[in-house]
Trainee: 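After the structure tokens below, expect a handful of questions from me.
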Amino acid sequence: MSDDMTMADYLAGGGKLTSPANVPPRYRAELMRLMASFVDSEMAGSAGFADVINSGPGIKERIAAARIVLEKLDHAEKVLTIMGDFGADTARYATHHPWTSRLARTADIGASRVAGDMRLSVFHYPLEGWTDAVAMNVLMGRATVLQLQELCGVSYQPLTEAFRAILPVETRHADLGVEGLRKILEDPAAVAPVRAALAYWHPKVAATFGSAQSQRFEALRRLGLRSTPNEILQERWRADVAGILSDLGLPAL
């Protein structure tokens with residue numbers, strides 16, 4: 001960054017920051033919030049899937065679920081290490097929130113954060129068995145891939161590199177979800193429960209993209225922490241999900 005260029009101009013022009021030492025306070029606060037949301041979501045998502053591993057119908061399915069649990073924790077650790085560079089207490093973080101806690105299945109919290117942790121709202125709802133977990137993974141897996149593609153362009157270089165390492169693994173998780181749902185649908189009796197589970201999770205995953213015309217998005221865009229508006233990401237997700245469901249022989253939601 002040249003001497004006569006402001007930090008805002010630098011970031012707006014696609015500049016990258018590389019160390020906590022050259023990060024201004026406002027940027028630091030937004031970066032920590034972004035990282036906490038990712039870490040908390042991975043921790044809560046991992047905890048939720050851990051509870052359904054033994055519901056898998058076969059050893060292959062249980063191995064896939066266990067791998068997802070393990071790798072989500074690994075992703076949380078990668079980003080938590082970067083938070084540690086900014087002074088976060090990484091030793092206490094794993095037990096800082098009750099990651100297995102969930103609200104009632106009938107609760108409706110929209111996109112709200114709850115009880116002090118920063119997990120995406122969808123991770124406050126409980127899974128109910130194997131079919132429900134796989135249906136949720138199909139929808140949220142595709143959302144996670146789109147959201148990570150967006151975050152791979154953030155202006156803090158160490159976080160960019162972490163997200164680029166995480167993206168192909170989360171893409172594999174999403175693919176495992178589709179593979180699992182295809183297997184479940186081999187049983188004609190499973191079609192109705194699958195459709196019910198997809199209908200339950202679809203609006204909850206949609207809410208994770210945030211509101212359209214968000215003022216917060218504009219603030220993050222100026223800091224180089226976002227680039228694609230919430231509504232465009234959600235539209236892409238809806239189109240991707242429609243394609244997946246069509247390929248599985250299921251009606252659009």
Side-chain angles (χ1 to χ4, degrees), residues 8 11-16 26-27 29-42 44-45 75 79 103 107-114 117-125 135-156 159-160 162-164 166-168 170-171 173-175 177-178 181 195 197-248 250-253:
L11 294 172
K16 298 284 188 180
R26 170 70 190 283
Y27 184 95
E30 294 294 354
L31 184 67
M32 290 293 280
R33 179 185 172 92
L34 186 155
M35 290 192 289
S37 177
F38 179 81
V39 171
D40 292 8
S41 295
E42 291 292 283
H75 298 166
V79 175
L103 301 173
D108 183 5
I109 60 171
S112 302
R113 313 286 179 171
V114 176
D117 76 48
M118 292 293 291
R119 74 179 81 172
L120 293 171
S121 56
V122 70
F123 294 112
H124 282 290
Y125 297 99
M136 188 272 194
N137 189 39
V138 167
L139 299 178
M140 192 60 210
R142 190 59 204 155
T144 300
V145 168
L146 290 168
Q147 290 161 358
L148 276 171
Q149 289 172 342
E150 166 81 353
L151 294 175
C152 281
V154 296
S155 53
Y156 189 64
L159 189 58
T160 294
F163 283 144
R164 286 178 179 171
I166 291 168
L167 176 57
E170 288 288 349
T171 301
H173 292 177
D175 292 343
V178 175
L181 197 58
R195 292 181 62 177
L198 291 169
Y200 175 81
W201 288 109
H202 193 272
K204 292 171 173 56
V205 175
T208 66
F209 289 93
S211 60
Q213 308 299 321
S214 166
Q215 292 183 349
R216 180 168 180 75
F217 166 79
E218 284 302 322
L220 294 175
R221 186 186 60 78
R222 288 193 292 272
L223 295 173
L225 296 174
R226 288 288 309 274
S227 60
T228 308
N230 296 339
E231 58 272 28
I232 291 179
L233 286 177
Q234 189 186 114
E235 286 172 8
R236 290 175 183 169
W237 172 76
R238 290 181 183 278
D240 287 354
V241 167
I244 291 168
L245 297 185
S246 176
D247 185 55
L248 291 170
L250 294 169
L253 295 169

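Just so it is clear, the values below take in all heavy atoms, side chains as well, and ignore hydrogens, waters and symmetry mates.
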Trainee: Evaluate the criterion side chain to side chain contact (heavy atoms under 4.5 Å, CB included) for residue pair E30 and R216; output intermediate values, then yes/no.
Mentor: CA-CA 10 Å; E30 294 294 354; R216 180 168 180 75; 2.6 Å; yes
Trainee: Relative to each other, are the rings of F209 and W237 parallel, tilted or perpendicular (30° and 60° limits)?
Mentor: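 F209 vs W237 ring planes: tilted.
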Trainee: If you measure from CG on L11 to OH on Y27, what distance do you get to the nearest 0.5 Å?
Mentor: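 That separation rounds to 6.0 Å.
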Trainee: Within the distance-only criterion (no hydrogens, no angle test), does the side chain of S121 pair as donor or acceptor with the backbone N or O of G110 below 3.5 angstrom?
Mentor: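 Here the side-chain-to-backbone pair exists.
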Trainee: Salt bridge (charged side-chain N to carboxylate O under 4.0 Å, His left out) between E231 and R238: does it pass, once the steps are laid out?
Mentor: CA-CA 10 Å; E231 58 272 28; R238 290 181 183 278; over 6 Å; no
Trainee: Nearest 0.5 Å, please: how far is OG1 in T144 from CZ in F38?
Mentor: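 Reported to 0.5 Å precision, the distance equals 8.0 Å.
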Trainee: Going from NZ on K204 to CD1 on I109, what distance comes out if it is rounded to the nearest 0.5 angstrom?
Mentor: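 The NZ atom of K204 sits 9.0 Å away from the CD1 atom of I109.
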Trainee: Apply salt bridge (charged side-chain N to carboxylate O under 4.0 Å, His left out) to R195 and list each qualifying residue two or more places apart in sequence or on a separate chain.
Mentor: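 With neighbours one apart ignored, the set is empty.
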Trainee: Could you walk me through whether Q149 and T228 pass the side-chain hydrogen bond (donor to acceptor under 3.5 Å, both in side chains) test, one step at a time?
Mentor: CA-CA 10 Å; Q149 289 172 342; T228 308; over 6 Å; no
Trainee: Are the side chains of E150 and R236 in touch, meaning some heavy atoms are under 4.5 Å apart?
Mentor: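 No, too far: nothing below the 4.5 Å cut-off.
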Trainee: Between R221 and E218, is there a side-chain heavy-atom distance shorter than 4.5 Å?
Mentor: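 The answer is yes; the side chains approach within 4.5 Å.
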Trainee: Quick one, R226 and L233 - any side-chain contact, counting heavy atoms below 4.5 Å?
Mentor: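 The answer is yes, as the side chains (C-beta and beyond) meet within the 4.5 Å cut-off.
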Trainee: So which atom in L253 and which in H202 form the shortest heavy-atom distance, rounded to 0.1 Å?
Mentor: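 Heavy-atom minimum between the residues: CD1-CD2, 3.4 Å.
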Trainee: With heavy-atom distances below 4.5 Å as the criterion, would you say the side chains of I244 and L181 are in contact?
Mentor: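 The answer is no, as the side chains (C-beta and beyond) never meet within the 4.5 Å cut-off.
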Trainee: Search all heavy atoms of V178 against all heavy atoms of V138 and return the closest pair with its distance.
Mentor: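 Closest pair (atom of V178, atom of V138, distance): N-CG2, 3.7 Å.
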Trainee: Is any side-chain heavy atom of N230 closer than 4.5 Å to one of Q234?
Mentor: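 Of all side-chain heavy-atom pairs linking N230 with Q234, none is under 4.5 Å.
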Trainee: Looking at every non-hydrogen atom in both residues, tell me the closest pair between M136 and V122 and how far apart they are.
Mentor: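 Smallest interatomic distance, heavy atoms only, reads CE-CG2, 4.1 Å.
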Trainee: Which atom names give the shortest non-hydrogen contact between A174 and V145, and what distance separates them?
Mentor: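 Heavy atoms only, the tightest pair is CB-CG2, 4.2 Å.
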Trainee: When rounded to the nearest 0.5 angstrom, what distance separates CZ in R164 from CG in L159?
Mentor: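 R164 atom CZ to L159 atom CG measures 11.0 Å (nearest 0.5 Å).
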Trainee: Can you tell me how far CG of L245 sits from CG of L139, rounded to the nearest 0.5 angstrom?
Mentor: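 Rounded to the nearest 0.5 Å, the CG-CG separation comes to 7.0 Å.
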Trainee: Strictly by modelled atom types, are S37 and R113 linked by a side-chain donor-acceptor pair under 3.5 Å?
Mentor: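 There is such a pair (donor and acceptor under 3.5 Å, judged by atom type) between the side chains of S37 and R113.
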Trainee: Between G15 and S155, what is the shortest heavy-atom contact and its length?
Mentor: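 So the two residues come closest at O-CB, 3.6 Å.
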Trainee: Do V241 and V205 have side-chain heavy atoms sitting under 4.5 Å apart?
Mentor: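 Counting from C-beta outward, V241 and V205 never come under 4.5 Å.
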Trainee: Minimum heavy-atom separation for A219 and R26, please, with both atom names.
Mentor: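 Minimum heavy-atom contact is CB-NH2, 3.6 Å.
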Trainee: Given the rule in the side chain to side chain contact (heavy atoms under 4.5 Å, CB included) test, do L220 and L34 qualify, once you have shown the distances and angles that lead to the verdict?
Mentor: CA-CA 10 Å; L220 294 175; L34 186 155; 5.7 Å; no
Trainee: To the nearest 0.5 angstrom, please state how far the CD atom of Q147 sits from the OG atom of S41.
Mentor: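 Rounded to the nearest 0.5 Å, the CD-OG separation comes out at 8.5 Å.
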